[in-house]
Amino acid sequence: MKILVLPGDGIGPEITGATLDVLDGVDRRLGLGLDYETRDIGLAALTACGTTLPDSVLERVPEVDGVLLGPVSHYEYPGRAEGGINPSAELRTTFQLYANVRPCRSRPGLSVLRTPMDLVIVRENTEGFYSDRNMHAGSGEFMPDADLALSVRKISARACERVARAAFELARGRRGKVTAVHKANVLKLSDGLFLREVRRVAADFPDVELEELIVDATAALLIRSPERFDVVVTTNMFGDILSDEASELSGSLGLGGSVNAGDAICVAQAQHGSAPDIAGQGIANPTSLILSAALLLDWRGHRDGDDRLRRAAALIGAAVDAVLDDPTTRTRDIGGSLGTAAFATAVRKAVENTVEAAA
């Protein structure tokens, strides 16, 4: 399996190195034949090439078996005309990675919830209020004059149908329930369109329950009754906010894995940002990117019918669970004492030594 590695900015290179350490462990354990190709993006590429996302990187994406994307500091980039392209958004729109899949599961001793959480948020990934991905040309955010800013929200039937189908297919293999989150009481046309398409897809899945819930009620119920949720499907911005909330409630934003998936391409990406304030200190928590890499292996395993890749993903997940269960082997941000590399070493050793999870 050929993986294109894009370390990114800030803590990106550190947590990417940690993730590759874990992947090397599972590769040795199961003989996966993982092969990495590393390319610069972000600020390093801007300095070297004049752009944060060189064309040569985009050309390689469809030629490899998966992409490992570190966090990027796109808020610090110059304008697009000066080479400041958001790599995350560009990959999602260029390759139609319409489903951002973010599992959230409570961690014992870390979750603040009274009852356990075990859900997956499937977020539409290519349009919505995100101004860098909802127009054919130009930006969806603009200022007619110095004191007025406007933002366009794009919702298309095609995008809603695709993400809804991804959510229902996922729910069919879990507990059989999809919650469609919306604000159609206010956004009657755009979220009305979203709900129309979700209901149409639901008709193809009579074995899966459909629930419809307003976004503010969802935000509250994630705290009060997290056990009611199985798979949540929603539009781009709502999904971004709710998945961060769910991850933090389940233990920490740094513990949430994430993949951006389309029909033929999948990009693993940490759920959090580039944290430039702690870059280079060796203290960043690499769990999110490690779990994202596991999700990538699982996606590829399902796509190719490769049970070894699915087994590898399960083994990484079990190893992360084992390391996080022990307070002495957690990273500093969640009450432990380990740095980035030491945590990765602990997970890699768990991967190599956990025979039961690999059986």
Side-chain angles (χ1 to χ4, degrees), residues 1-8 12 15-16 19-20 22-23 26-27 30 32-39 41 53 57-72 86-104 120-127 133 159 162-174 231 233 236 239-240 243 256-272 287-317:
M1 179 176 177
K2 182 78 168 183
I3 300 177
L4 179 63
V5 180
L6 309 174
I15 64 172
T16 299
T19 300
L20 295 180
V22 173
L23 288 175
V26 78
D27 193 9
L30 300 178
L32 303 176
L34 300 181
D35 184 23
Y36 313 118
E37 176 184 331
T38 302
R39 299 285 189 96
I41 59 166
L53 186 60
V57 172
L58 282 175
E59 291 166 1
R60 284 296 287 151
V61 171
E63 299 172 346
V64 299
D65 299 309
V67 179
L68 185 66
L69 174 64
V72 293
N86 179 353
S88 177
E90 197 74 7
L91 290 171
R92 295 175 188 188
T93 54
T94 299
F95 300 108
Q96 289 300 292
L97 308 180
Y98 52 82
N100 182 211
V101 181
R102 293 182 168 184
C104 298
V120 180
I121 293 178
V122 183
R123 161 196 175 200
E124 201 290 315
N125 217 13
T126 62
E127 49 184 41
R133 67 200 73 171
R162 292 187 304 188
V163 75
R165 193 163 298 278
F168 275 88
E169 289 174 352
L170 184 59
R172 179 172 271 173
R174 285 175 50 90
V231 175
V233 64
N236 202 340
D240 196 3
S243 59
S258 173
V259 288
N260 307 292
D263 293 330
I265 294 172
C266 185
V267 175
Q269 180 179 15
Q271 192 171 328
H272 55 74
T287 302
S288 180
L289 193 59
I290 291 170
L291 291 177
S292 300
L295 291 172
L296 172 62
L297 296 181
D298 188 66
W299 180 89
R300 195 76 208 185
H302 275 91
R303 176 178 166 79
D304 295 349
D306 190 334
D307 288 338
R308 292 180 312 151
L309 292 177
R310 297 178 63 184
R311 184 181 171 195
L315 185 54
I316 292 173

Name the residue from R300, R60, R303 that meets the salt bridge (Lys or Arg N to Asp or Glu O under 4.0 Å) definition with D65. R300
N/O donor-acceptor pair under 3.5 Å between [X] side chain and [Y] backbone:
{"X": "S243", "Y": "D240", "answer": "yes"}
{"X": "D298", "Y": "A313", "answer": "no"}
{"X": "T126", "Y": "Y98", "answer": "no"}
{"X": "N260", "Y": "R92", "answer": "no"}
{"X": "D35", "Y": "K2", "answer": "no"}
{"X": "S292", "Y": "S258", "answer": "yes"}

Could you check if a side-chain atom of [X] sits within less than 4.5 angstrom of a side-chain atom of [Y], using non-hydrogen atoms only?
{"X": "M1", "Y": "L32", "answer": "no"}
{"X": "V72", "Y": "N86", "answer": "yes"}
{"X": "L91", "Y": "L58", "answer": "yes"}
{"X": "L295", "Y": "V101", "answer": "no"}
{"X": "W299", "Y": "V259", "answer": "no"}
{"X": "R123", "Y": "N236", "answer": "yes"}
{"X": "P87", "Y": "V57", "answer": "no"}
{"X": "L23", "Y": "L297", "answer": "yes"}

What are the two closest heavy atoms between [X] and [Y], and how far apart are they?
{"X": "Q271", "Y": "G256", "value": "CB-O, 3.4 Å"}
{"X": "A268", "Y": "L296", "value": "CB-CB, 3.9 Å"}
{"X": "V122", "Y": "A166", "value": "CG1-CB, 4.5 Å"}
{"X": "G12", "Y": "P71", "value": "CA-CD, 3.7 Å"}
{"X": "D27", "Y": "G33", "value": "OD1-N, 2.9 Å"}
{"X": "L69", "Y": "S88", "value": "CD2-CA, 4.2 Å"}

Applying side chain to side chain contact (heavy atoms under 4.5 Å, CB included) to L68 and L20, what does each step give before you reach the verdict? CA-CA 10 Å; L68 185 66; L20 295 180; 4.0 Å; yes
Taking it one step at a time, do N125 and V163 satisfy side chain to side chain contact (heavy atoms under 4.5 Å, CB included)? CA-CA 8 Å; N125 217 13; V163 75; over 6 Å; no
In Å, rounded to the nearest 0.5 Å, how long is the span from CG of L4 to CD of E63? 10.0 Å
With a 4.0 Å cut-off on N to O distance, would you call D304 and R310 a salt bridge? no
